[in-house]
Amino acid sequence: MADETSIKVSAATRDRLSALAAEHGTTIRQLVEELAEGRPTQAEYAERAEQARAELASVLGTVPSEQAETKARSLLQRLGASQDSAAA
């Protein structure tokens, strides 16, 4: 356990994390680790976008225009927003 560290959060945040962990049958540590592992960094997003462009180029023989990428991002954001509001 030599590679462990601690993080400082407010007491209210600690209590919320504790409640969330209990509801999910896990620990605060596991909850925080899942959050960190499950959320890509900006560099990982950029790498995924480049992989998607390469895949599209290999399948379609062309790379989408900036306008097409902007439209696709907008659509995905709207779809994500509608899923978020449906879950609430």
Side-chain angles (χ1 to χ4, degrees):
M1 293 204 180
D3 64 340
E4 292 183 359
T5 190
S6 61
I7 58 174
K8 293 186 180 200
V9 296
S10 68
T13 298
R14 180 208 56 222
D15 293 345
R16 180 167 174 80
L17 288 169
S18 180
L20 287 167
E23 287 178 3
H24 291 89
T26 189
T27 64
I28 292 176
R29 176 187 176 144
Q30 290 171 324
L31 192 69
V32 171
E33 287 177 351
E34 287 172 11
L35 172 67
E37 292 169 6
R39 190 149 187 203
T41 64
Q42 290 298 318
E44 290 167 335
Y45 276 125
E47 182 180 340
R48 290 177 186 181
E50 190 54 42
Q51 289 172 344
R53 282 186 204 95
E55 181 65 21
L56 285 170
S58 73
V59 171
L60 301 176
T62 186
V63 178
S65 67
E66 285 186 38
Q67 183 181 13
E69 284 190 35
T70 300
K71 285 182 178 180
R73 273 193 204 95
S74 177
L75 174 62
L76 291 172
Q77 287 173 345
R78 286 194 313 263
L79 289 172
S82 67
Q83 285 181 347
D84 292 343
S85 63

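In plain terms, the two heavy atoms of Glu55 and Ser58 that are nearest each other are O-OG, 2.8 Å. In this structure, Ala57 and Val63 approach most closely via the heavy-atom pair CB-CG2, 3.8 Å. Smallest separation of non-hydrogen atoms from Arg14 and Ile28: O-CD1, 3.9 Å. In terms of heavy atoms, Arg48 sits closest to Pro40 at NH1-CG, 3.3 Å.
Between the CD atom of Gln51 and the CD atom of Glu44 there is a distance of 10.5 Å, given to the nearest 0.5 Å. Here the OG1-CG distance, from Thr26 to Leu17, works out to 11.5 Å after rounding to the nearest 0.5 Å.
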Requested in this report: Verify side chain to side chain contact (heavy atoms under 4.5 Å, CB included) between His24 and Gln30, making sure each step is shown before the conclusion.
Outcome: CA-CA 10 Å; His24 291 89; Gln30 290 171 324; over 6 Å; no
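Salt bridge status for Glu33 with Arg29: present, with a side-chain N to carboxylate O gap under 4.0 Å.
Residues Arg16 and Leu20 are in side-chain contact: their nearest non-hydrogen atoms beyond the backbone lie under 4.5 Å apart.
Residues Leu35 and Val32 are members of separate hydrophobic clusters, defined by side-chain heavy-atom contacts under 4.5 angstrom among Ile, Leu, Val, Met, Phe, Trp and Tyr.
Surrounding CD of Glu66 are at most 12 heavy atoms belonging to other residues, nucleotides or ligands under 6.0 Å away.
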